[in-house]
2 protein chains.
Amino acid sequence: MENNDEDSKIQSNGEQAILEAAEILFSEKGFDAISMSSIAKLARTSKPNIYHHFKSKKALYQEVLNSAARRSSALLDELVDAPGSFSQRLSQFSAGQLKSILAHKRATQLILRETLSGGSQRGREIAQHYVGESFSRLVAMIRQGQQEGEFREDLDPALAAFMIVSGNVFFFQTAPVVEHLPDISFSDDADGFSQGVMKLLFTGLLKDQEDAA
Amino acid sequence: MENNDEDSKIQSNGEQAILEAAEILFSEKGFDAISMSSIAKLARTSKPNIYHHFKSKKALYQEVLNSAARRSSALLDELVDAPGSFSQRLSQFSAGQLKSILAHKRATQLILRETLSGGSQRGREIAQHYVGESFSRLVAMIRQGQQEGEFREDLDPALAAFMIVSGNVFFFQTAPVVEHLPDISFSDDADGFSQGVMKLLFTGLLKDQEDAA
DNA sequence: TGCTCGACTGACCGAACGGTCGGTTAGTAT
DNA sequence: ATACTAACCGACCGTTCGGTCAGTCGAGCA
């Protein structure tokens, strides 16, 4: 073999095909609903060959989860240090996060499912790392915006960040259901949704009348 | 038999026990991960007896889903027509919805799972009915608040309603994960969370400076 | 007393599950 | 040629799955 690397060998085509097939199926139906045979079939290989590359069904699932999280957690970091006002940066971050979610639907679905079904500590760790990463950066951005006088200081920055992430995730999560609801005009317009959310979060629902609720 | 009702017979103890056991297990791990044997064991009965009461595993699951949706979709309706300003009513509705979610964790988990895994049209129908019911009332309330001059009119009422529901659902959904995150102080305080959310949604992030973004 | 009927069960079914075994192929190094 | 190895597969293992069958038991009615 011409490869003398210790750690970072390039995976063979076959292994990649297995991972992709597994990601597709696991993200659609979850761990328990998917059989190794169906993965083998979709990957155009045999079941024993999967066990040649991965030691068990759980190990394959974890690997799929890892690669999904790895792919999704990039891309956001650049937006944190962008120029502009904090309002603009916040809007860009929110829109970028939603775009990233929609660009990695299968990965998002996998991580979301793992978050909901509190199984395997590993899944929760991934979820924490995945959302926690961008979340704490978001909080820091808002807090800085408060210190520099752009944002109100009587609001919990973590709560504002939570609402942004919440809206984005929920938008993705309920897209199939929400499409057929009346009242809703933003179901297939991610950009419009992002803009609307930020406008709402920036200016608030109440009319400006110096209220003292 | 001393019962001559046509339609609304009280279920026997056994059937109720099966439904409860199934709800517990299905809500924890989902449809595919739960076997009929495990349900029978938890309900202290036998597998054939489950098939005596329900014609298949899917039928049992649908029944569990139905009863869960039935139980959860009540309770909110009263709050819609409560007295007070629209701000107060909106806050009460949001807090009430979150309280209802937390009071029916298993039912919420079931419906949420069904929403995520787009399977069975029936599940989607239930989700639509479940969230759609309270959602459209929420939209109507906000729209009325706009017409009566309490809320800004340049905001999509459906989007505001969406954010309220989104925050509540996401709060429940991420509670186990969010507990171990720094930055977050509201993880185990539903009331505080509700108040914070409404304060944010009412007044907005920006300082009042008559901006023209 | 006998009869019916709903609630319930142990034993069992074919099918599908996760996983293993022995063996084949193809490329590479000696 | 020989030897070694990663990639791959058909056939098979024990187990468990959803579901069925034949039958038991006890309460209500005749």
Side-chain angles (χ1 to χ4, degrees), chain A residues 1-65 117 119-120 122-123, chain B residues 1-65 117 119-120 122-123:
Chain A
M1 195 174 288
E2 74 281 9
N3 188 337
N4 59 353
D5 282 353
E6 180 78 286
D7 203 86
S8 64
K9 295 174 185 168
I10 280 290
Q11 309 290 9
S12 79
N13 271 355
E15 185 163 330
Q16 203 58 35
I18 294 170
L19 276 171
E20 286 170 19
E23 176 173 318
I24 291 173
L25 294 176
F26 281 143
S27 73
E28 278 176 358
K29 307 266 187 183
F31 179 83
D32 295 287
I34 297 303
S35 72
M36 294 299 267
S37 314
S38 66
I39 297 174
K41 188 179 168 190
L42 184 59
R44 288 178 209 272
T45 182
S46 66
K47 203 170 52 165
N49 191 36
I50 298 183
Y51 282 92
H52 173 70
H53 291 284
F54 305 92
K55 74 178 237 288
S56 70
K57 190 187 179 185
K58 282 186 184 175
L60 170 60
Y61 183 72
Q62 300 284 12
E63 207 53 53
V64 168
L65 220 56
S117 315
S120 69
R122 181 69 191 136
Chain B
M1 195 174 290
E2 72 283 9
N3 189 336
N4 59 353
D5 282 351
E6 179 78 285
D7 201 86
S8 64
K9 296 176 186 168
I10 280 290
Q11 309 289 9
S12 77
N13 272 354
E15 186 163 332
Q16 203 58 36
I18 293 170
L19 276 170
E20 286 170 17
E23 176 173 318
I24 291 173
L25 295 175
F26 281 143
S27 73
E28 280 175 358
K29 307 266 187 184
F31 179 82
D32 295 286
I34 297 302
S35 70
M36 294 299 267
S37 313
S38 65
I39 297 174
K41 189 179 168 189
L42 183 60
R44 288 178 208 271
T45 181
S46 66
K47 202 170 52 165
N49 191 37
I50 298 183
Y51 282 92
H52 173 69
H53 291 282
F54 305 92
K55 74 178 237 286
S56 69
K57 188 187 180 185
K58 281 184 184 174
L60 170 59
Y61 183 72
Q62 300 283 12
E63 207 52 53
V64 168
L65 221 56
S117 316
S120 68
R122 180 70 191 136

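Throughout, a chain's letter reflects where its sequence line sits, starting with A, and its residues are numbered from 1.
The phosphate of D/dT16 has neither OP1 nor OP2 within less than 4.0 Å of any side-chain N or O from B/Ser35. Contact between the side-chain N/O atoms of A/His52 and the OP1/OP2 oxygens of D/dC8 is not found at any separation under 4.0 Å.
Heavy atoms only, all atoms of each residue included: A/Gly30 and A/Ile34 are closest at O-CG1, 3.3 Å. Taking all atoms of both residues into account, the shortest heavy-atom contact from B/Ala59 to B/Ser56 is N-OG, 3.1 Å. Between A/Asp32 and B/Ala33, the shortest heavy-atom contact is OD2-CB, 3.2 Å.
Between A/Phe31 atom CZ and C/dC17 atom P the separation is 13 Å, expressed in whole Å. The distance between atom CD of A/Gln16 and atom P of D/dA6, rounded to the nearest whole Å, is 19 Å. Rounded to an integer number of Å, the gap from CZ of B/Phe54 to P of D/dG18 is 15 Å. What separates NZ of B/Lys55 from P of D/dG19 is a distance of 9 Å, to the nearest Å. Atom CD in B/Glu15 sits about 13 Å away from atom C1' in C/dC8, given to the nearest Å. Taking atom CD1 of residue B/Ile50 and atom P of nucleotide C/dG6, one finds them 20 Å apart after rounding to whole Å. One can place CG of B/Leu25 at 12 Å from P of D/dC17, the figure rounded to the nearest angstrom. As a whole-Å value, the separation of B/Asn49 CG from D/dG23 P is 19 Å.
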(message) Between A/Phe26 and A/Leu65, is the side chain to side chain contact (heavy atoms under 4.5 Å, CB included) condition met? List the steps.
(response) CA-CA 9 Å; A/Phe26 281 143; A/Leu65 220 56; over 6 Å; no
(message) Let's go through B/Ile39 and B/Ile24 carefully: what are the C-alpha distance in whole Å and the side-chain angles of both, what is the deciding distance for side chain to side chain contact (heavy atoms under 4.5 Å, CB included) to 0.1 Å, and is it a yes or a no?
(response) CA-CA 9 Å; B/Ile39 297 174; B/Ile24 291 173; over 6 Å; no
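Applying the salt bridge (Lys or Arg N to Asp or Glu O under 4.0 Å) test to residues at least two apart or on different chains, the pairs with a partner in residues 54-63 of chain B are B/Glu63-B/Arg70.
Candidate nucleotides D/dT20, D/dC8, C/dA7 were compared by shortest atom distance to the side chain of A/His53, and D/dC8 ranks first. Counting only heavy atoms from C-beta on, B/Tyr51 has its side chain closest to D/dT20 among C/dG19, D/dT20, D/dC9.
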Between side-chain atoms of residues 43-50 of chain A and protein atoms elsewhere (two or more places apart, or another chain), which donor-acceptor pairs fall under 3.5 Å?
unit_1: A/Thr45; atom_1: OG1; unit_2: A/Asn49; atom_2: ND2; d: 3.0
unit_1: A/Ser46; atom_1: OG; unit_2: A/Asn49; atom_2: N; d: 3.4

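Partners of B/Ser37 by side-chain hydrogen bond (donor to acceptor under 3.5 Å, both in side chains), not counting sequence neighbours: none found. Residues that satisfy the side-chain hydrogen bond (donor to acceptor under 3.5 Å, both in side chains) test with A/Ser35, not counting sequence neighbours, are A/Ser38.
Using a 4.0 Å heavy-atom criterion, one finds that B/Ile39 contacts no nucleic acid atom at all.
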(request) State the dot-bracket string of DNA chain C. Criteria: Watson-Crick or G-U wobble, both atom distances under 3.5 angstrom; notation: ( ) intrastrand, [ ] crossing earlier pairs, | interstrand, . unpaired. (result) .|.|||||||||||||||||||||||||||
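Contacts between residues 40-48 of chain A and DNA chain C, defined by a heavy-atom separation under 4.0 Å, are made by A/Lys47, A/Pro48.
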